[in-house]
**Student:** 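So that we are looking at the same thing, I have put the structure below in C-alpha cells.
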Number of protein chains: 6
Amino acid sequence: MVRADGRSDDALREVRITRGYQDWPAGSVLVEFGRTRVLCAASVTEGVPKWRSGSGLGWVTAEYAMLPSATHTRSDRESVKGRIGGRTHEISRLIGRSLRACIDLAALGENTIVIDCDVIQADGGTRTAAITGGYVALADAVTYLRAAGRLNDPQPLSCSVSAVSVGVVDGRVRLDLPYAEDSRAEVDMNVVATDGGTLVEVQGTGEGATFARSTLDRMLDVALAGCAELARLQAEALAGPYPGTLPEGAR
Amino acid sequence: MVRADGRSDDALREVRITRGYQDWPAGSVLVEFGRTRVLCAASVTEGVPKWRSGSGLGWVTAEYAMLPSATHTRSDRESVKGRIGGRTHEISRLIGRSLRACIDLAALGENTIVIDCDVIQADGGTRTAAITGGYVALADAVTYLRAAGRLNDPQPLSCSVSAVSVGVVDGRVRLDLPYAEDSRAEVDMNVVATDGGTLVEVQGTGEGATFARSTLDRMLDVALAGCAELARLQAEALAGPYPGTLPEGAR
Amino acid sequence: MVRADGRSDDALREVRITRGYQDWPAGSVLVEFGRTRVLCAASVTEGVPKWRSGSGLGWVTAEYAMLPSATHTRSDRESVKGRIGGRTHEISRLIGRSLRACIDLAALGENTIVIDCDVIQADGGTRTAAITGGYVALADAVTYLRAAGRLNDPQPLSCSVSAVSVGVVDGRVRLDLPYAEDSRAEVDMNVVATDGGTLVEVQGTGEGATFARSTLDRMLDVALAGCAELARLQAEALAGPYPGTLPEGAR
Amino acid sequence: MVRADGRSDDALREVRITRGYQDWPAGSVLVEFGRTRVLCAASVTEGVPKWRSGSGLGWVTAEYAMLPSATHTRSDRESVKGRIGGRTHEISRLIGRSLRACIDLAALGENTIVIDCDVIQADGGTRTAAITGGYVALADAVTYLRAAGRLNDPQPLSCSVSAVSVGVVDGRVRLDLPYAEDSRAEVDMNVVATDGGTLVEVQGTGEGATFARSTLDRMLDVALAGCAELARLQAEALAGPYPGTLPEGAR
Amino acid sequence: MVRADGRSDDALREVRITRGYQDWPAGSVLVEFGRTRVLCAASVTEGVPKWRSGSGLGWVTAEYAMLPSATHTRSDRESVKGRIGGRTHEISRLIGRSLRACIDLAALGENTIVIDCDVIQADGGTRTAAITGGYVALADAVTYLRAAGRLNDPQPLSCSVSAVSVGVVDGRVRLDLPYAEDSRAEVDMNVVATDGGTLVEVQGTGEGATFARSTLDRMLDVALAGCAELARLQAEALAGPYPGTLPEGAR
Amino acid sequence: MVRADGRSDDALREVRITRGYQDWPAGSVLVEFGRTRVLCAASVTEGVPKWRSGSGLGWVTAEYAMLPSATHTRSDRESVKGRIGGRTHEISRLIGRSLRACIDLAALGENTIVIDCDVIQADGGTRTAAITGGYVALADAVTYLRAAGRLNDPQPLSCSVSAVSVGVVDGRVRLDLPYAEDSRAEVDMNVVATDGGTLVEVQGTGEGATFARSTLDRMLDVALAGCAELARLQAEALAGPYPGTLPEGAR
C-alpha cells in the first residue's frame, strides 16, 4: 500500500521556501509543498484598525484566496461572485489566528501586518502551506520594521509557527496529503504547532465517518513530527540575509 | 478556585431540550445550556440541490444565525449588513458537517433537510448547543419523513451526535464554558462526538497562547465525558412521542 | 359562516404578552396573537446616528425579520440572499414610525432604542403583533433608562400604541386575520392606534379587488375596538414590576 | 392661510399627461403634477416570471426610481450604493399592486408588463403621480398587445386607477401636497381609487402626531374628489390615438 | 450606398441642446443626437471627497446610467441587480476624465461637481452625447459657482469639450452612428476633442475585425470635423443667459 | 534626457514569456515586461454561456485582477470589498475583446476559453502585458483542444495579437512605460495590434492635458514597431513544444 508519489506514510512532500519573491511587500515568500504553491506576502502599514486604535497594540491579519486557475477545474472568482465563500473566510481566520500566536502585539507597536496568501497552484494542503510560508513572510516583515525603528521591542516573535495536514487514507494515517489522497480521506486534520512543540490549533474532521480517540492520538504524533521538520526548514530559509532593500538609515 | 456558578470543572450547565417548539417545521427543538438558548428547526423539502440531483442521495445542511438581541451588547443584523460574517459561515459549516456524520444520505433518498439554528440568547457554547439540539430536530424530521413513506430505508440515522466546549481557564481544564469564562480562556476547544464515543470533529485553538499535547489530551477526556452525558439527555428527550402531527396515512 | 377557530367576526385571537423573555436587552417581550409569536427586544445605546448627533433628540428605530422556520414552508434567509426584501423593509419602517408616534424624542435625550422584532412563528398579523409587543418592550426600555438617570424628562411616553389587522373575508369584515383567512382576504387593512383612540397609521389594500368607502368605514370601526382591547392588555402586562435588573444606583 | 401657489385647499396642481414620450416602449407617458415630473414606461415581454409560468395568467409589476438630479439636493444613486432603499421598494410595490387592481390577468394572458416609473423631477407626490401616469402607460401597452393579437380577451382593463396625496398642513386638510407642504405636514395620506369611486389602497400616516377618525374621514372626501378629477384627465389623454406604431398586421 | 436617414457619411444627426431642463441642479441639459436623448445634470456641493480634502483642488466626476425603458428591449435596472456593469463603469470614467480635461481644478477650489448623465432614449452614441451635453451642464454649474463667489478664479474652464462616434460601416467611414449602423460596424471609434482641435481621448475598436492604420487616420479626420461642429453648437447654446436662478447676492 | 533604466525612448523593457507555468490549465503563461509580471491562464470548458448556446460558436473571455501584494502600496481585495472596480471591469473587457479579434469562433466550436490574467507584480503596463501573454496562453489552449479533437476547424487562430503602452513623458514620446514614467505621463496610450501590422484597439488619453493630432501619429508609429517586436517574441516562445500533457489519443 505505497503512496502514489512513493513517500512513506509519515514523510512530507518536497518543501521549498523562496524568500523575496516579489519586490514591493516587506516580506514575500513562495512556499511549495510538492505541487501546491502559495504566495505569502506580508505588507506593513502604520496604524491599526479603528477598533484597536490607541491601545498601543499592533495587529496581524491574513487573507487567503485561490487564483481561479489554481484548481484542477477552473473555479469562479469570488470578486466576480461579489461575496467571499465560507471556506475562504474560515481559512483566512485560521491563518491570522495561527500567526498571531507567535507575535507579541505590544512589542509590534501600532503597526498592522497583512499576510496575503494567494494560492498559485492547489494540490492539497493549501492552508497549512499558507501558515508555514506566512510565518517566514511575517519574520521578514518584522526584520523590515526593526530596521525602520518602528518596533516597540526589537524581538516581537516568541517562536516560529508551522502547519501540516494529516489524515486517514485507505485506513492508514498519512502526513501531508496531496489532493488525490485528501479527496478520499476518511479523516482530515490540520495541526498548527510551534518550534517548541506546543500546539496552536488542531482541527480534525471525520468526512462521512467518525474516528476513534486512538486514531486522533496517532495523527497528532505524525503531525507534530512533520511540524518539527517544517520548523527546521523555516529556520534554514531565514538563515540567509533579508532578500530586499531595508529602509534607509536602518539600524 | 470555584466556578462562578458553583459547578465542578467537569460538569455541564443545566441542559434542557424542548421538542415541538414551533408548529410548522418537521422538527423544532429549543435547546438550553444554562442561559444559552438556541432554536433548532429541521425543515424538509423534496429534492436536493442541483449539483446533487439524480444521485439518489439526500442532503443535510445547516444555517446558524444570532438574533441581534441575543448578545450582551446588541449585534448588527447580517441581513442589513448585506453579507454573512466569517464566524457565521464557519459555524454553519461545522454544524452541517457534524450532523451529516450520523445520517446515511442514500437511506435518506433525494430529500433535503435544512437545520436552522437561531440563537435566541447567547452565553457561550452556542455552536455546541446548536449541534446538540440540531441532532434532536433532525431525528424528529427523520421520523416525519419515515411516516410519510419518503425514506429509501426506514432508519437512516446510524448514531446520535452531540457537542460541547471545553477550555483552559485560569490554568484549569473546564467543561461547557459560559461567556464569562470563554472570553478569558487561554485555550478553547469544541468536541463533537457520537453516542458510541467516537469523534466527529475536534477544533482546539490557543487564544494568544499555545498549549501542550498533554493539555489537549486532558481536554479530550473531559469533553468526551460531557458528550456521553449529552447523548443520554438527547435519548431521554427523544423517548417521548413525536410532538407534532405526522403526515396523514402515516405508516 | 363561522370562523375556523370559532371566534366572532370582531373578536381578537387569544393574546399573550410575556415580559422579560431575554436577559440582556433593556426590554424583551414575547407577544402571541394565537399561533403568531413575535419576539420584540428593545436595546438601548448611548448616542444617536450621525445625521442626528448634537440635536439633543433621541432616536427610536425598528428592525423586523422572520426566522426561516417561522413560515409554513421554510423561507430563505435574507442574510444569505445578501439583501433585504421589500416586504421586510416596509414593515420595519412601519413599526419604527408607529412607535415614534408615542415618544417625545427630546425627552428621550441622545439615546437610541432599537426594537428588534423577530418572528418566531407566523400565522398572520405579524407586523401588528410586532407593533403591539414592541410598545411594551419600548416601555420597559424607557423604565430602564429612567432608572439609569439617562432621560432628559422622566416620562417621554405620551400614550401607548397598538395595532391590529382587519379584512374582508368571504364578504364579511373580520378582525385579526390568521394566515388561512389573510391569504384569501379581498381587502386587508392594518390599523395602528393609541390608547386615546386616535390613529397613528392606516394601511388598507384591495387584493385583486377594490372596496367601497362604506367598507373602509366599517373596517375602521372594528379595528379601533380591537386596538382599545389591546391597549388594555398592554396596560395589564405593564402593571407588573420591571422583569429584569435595573441599573445599579437606580433612582 | 392661502397656499404658496395660490391654490384652494382641495385643488390639484396643474396636471399634464404626455403620451408617446419615448419611442421604444409600448406605452410611455410623462406625467406632471406641477413641478413633479415622472416618466412612466410600460414595456411588454412574452412570458411570465418562472413562479407563474404555465398558469395562463399574465403579470404586471412596477419599478420606481429617482434620478439623482431629481431632488433639491442630489441624492446618491442606488445602483452605486449596491442596494435599493426601503422607500424605493415600498413605492415600487405600491404602484404594482395598484395597477394590478384594474387589470384581469387571465385576459392579459401569459404576457408581462413592467411599468418603469423614473422620477425626472421631484416636488412631492411622486408615487401618486407615478400611479396616475402608470395607468395611462399601461392602457397604451394593452392597446399594443391587443393590436398584436396577444391578449386572451380584448378588454382586460376593468376600470382606470389614479392616485393623489392629501395631508394636514397648518391644521388644514389639503390636496396634492408639493414638497414644501409635504415636509411639514402633520398627517400624510395617499389614496388610490378607481374611476368608479371605489378604493384600491389607502395609506395614512401621522408624522410625529396622531390624528382623529374625523380627520381621516375629511381627508378621504377630499382625496376621492381629486381622484375623480384625475380619472377625467386620464380619459381625456387616452381619447387621442395610440401615439406610436402598432405592430404590423394589427387587427 | 446612402445612409438610412439620408445623411452624408460625414454629417452629424440633428443635434439639439436644451439648457435648464430641470429646476434644482446648477446645470441641467437635455442633449439630443437624433433619437438619442441624454439628460446631463451638474450638481455642485461644497467640499471634495476625503482623499482630496485639504488639497485646495476641486473635483469633477460623472455617473452614466441608462433608464430601463431607454433601449429597444427593456434592460434590467442596475440598482435591482445590485451591481453596476462593466460598460456603465467604463463610460462613467470616460465622461469624468473627458470633462476634467477642460477645467482647472485649482481654480474650481474645494467644490465638487457631479455630472449625472441619464440616458432617456438610446439610439447609438449615448456616451459621446453625454460628454457633449455634460460640458454644457458643467459650464452652467461653473456660472452658478462664479455667481455665488465660490470659485478661486473666475474662469476655471480652459476650453470646451465635445465628442462624437465614427465607424466603418459597409466598408465606409461614417460619422455619428445610430444603433442600426453601430450594431453592424466593423470598426467603432469615439473621439473626444476640444474647441481648439486638440485631442482629449481616442478609443477605437475593431469589432471582430482589425483595421489598417490608414483607416484610423481617415476616421480621425471625420471625427475631428464633427467635434468642431459640435463645439460651435455648444457655444451657440451657451450664448443665451443662465436658464435658472442664480444665488442671491450674485456678482 | 535619458530614461531611468537606460533604455532608448522607443525600446521595450526586457520581455520574458514562460509557458507551462501552472500544471492544470490548458495554457499557462508567465509574462514579464521588466518588473511587471502577469500570470495568464487559459482554461477550457465544454459548452458556451447560455445566451450563446446552440449557435455553433465558441466563446473567449478574460478576467483581469491584481494581487493585493502586487502594487507598491497594498491594495484592497475586490472580493473582500464585494464589488469589482471600474478599472478592473474595463481592463477585463479590453483583454477579452482583443483576444477575440484573432480567433474564429465558429472554428472554435461550442467551447469556452477563459483567460485569467492575475497580476503578480505591477510596474506599469499590466494590461498590455496581459494581452501579450494572454495570446500565448490562448494559443496553447487551442493546441490542447486541437489534440483533443474538439475544434470544428484545426486552425481557428487567424493572427497573433500583442499590445504595448506608449506615452508622452517629459515632452517625449516613449514606449512601454514603467510605473515611474506612467504616473507622470501627459498622454497615455495603449495599442493592440496583430502580427500583420493591423490595429485591434487604440486607447489614448490625455491626463490633465490634451494632445495634438501629430503627437497621436508619432505615438502610433512607435507603438506599432513595439508590437511587431512583441509578435516576434511570441512566435519564438510558441516555437517550442506544448509544455504540458496533451489529452490521451491526441491526434
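Letters A, B, ... mirror the listed sequences (proteins, then strands); counts begin at 1. Worth saying up front: this structure is predicted, and the values here are computed from it rather than measured.
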**Student:** Quick one: NE2 on D:His89 to CZ on C:Arg87, what's the gap to the nearest 0.5 Å?
**Tutor:**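 It is 13.0 Å, given to the nearest 0.5 Å.
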**Student:** Counting heavy-atom pairs closer than 4.5 Å to chain C, which one of D:Leu199, D:Leu94, D:Thr88 comes out on top?
**Tutor:**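 Of the candidates given, the most pairs with chain C belong to D:Leu199.
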**Student:** Quick check on D:Ile84 against chain C: is it the side chain, the backbone, both or neither that has a heavy atom closer than 4.5 Å?
**Tutor:**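 Just the backbone, heavy atoms under 4.5 Å.
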**Student:** Which bit of D:Thr194 comes within less than 4.5 Å of chain C, counting heavy atoms only: side chain, backbone, both or neither?
**Tutor:**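 When you check distances to chain C, only side chain atoms of D:Thr194 fall under 4.5 Å.
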**Student:** Specify which of C:Ser158, C:Ala212, C:Gly204 makes the most heavy-atom pairs with chain D at under 4.5 Å.
**Tutor:**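 Between C:Ser158, C:Ala212, C:Gly204, the count favours C:Gly204.
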**Student:** Select one option (side chain, backbone, both, neither) describing which atoms of D:Asp221 are under 4.5 Å from chain C's heavy atoms.
**Tutor:**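 Both backbone and side chain.
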**Student:** Using every non-hydrogen atom in the two residues, find where C:Phe211 and D:Val200 come nearest and quote the distance to one decimal.
**Tutor:**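 For C:Phe211 versus D:Val200, the nearest heavy atoms are CE2-O, 3.7 Å.
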**Student:** Shorter than 4.5 Å, heavy atoms on both sides: which option in C:Gly85, C:Gly82, C:Gly86, C:Ala101 has the most such pairs with chain D?
**Tutor:**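 Max contact count across the listed options: C:Gly86.
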**Student:** For D:Leu216, is it the side chain, the backbone, both, or neither that has a heavy atom closer than 4.5 Å to a heavy atom of chain C?
**Tutor:**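 Side chain only.
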**Student:** Between C:Val202, C:Thr198, C:Thr215, who has the most heavy-atom pairs with chain D when the cutoff is under 4.5 Å?
**Tutor:**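 Most heavy-atom pairs under 4.5 Å with chain D: C:Val202.
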**Student:** By a 4.5 Å heavy-atom criterion (distance strictly below it), what part of D:Arg100 contacts chain C: side chain, backbone, both, or neither?
**Tutor:**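 Neither part; nothing is under 4.5 Å.
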**Student:** Which one, D:Gln203, D:Met189, D:Arg97, D:Glu90, leads in non-hydrogen pairs under 4.5 Å with chain C?
**Tutor:**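 Counting heavy-atom pairs under 4.5 Å, the top option is D:Glu90.
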**Student:** At their closest point, which heavy atom of D:Asp217 faces which heavy atom of C:Arg213, and how far apart are they?
**Tutor:**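 Closest heavy-atom pair between D:Asp217 and C:Arg213: O-NH2, 3.2 Å.
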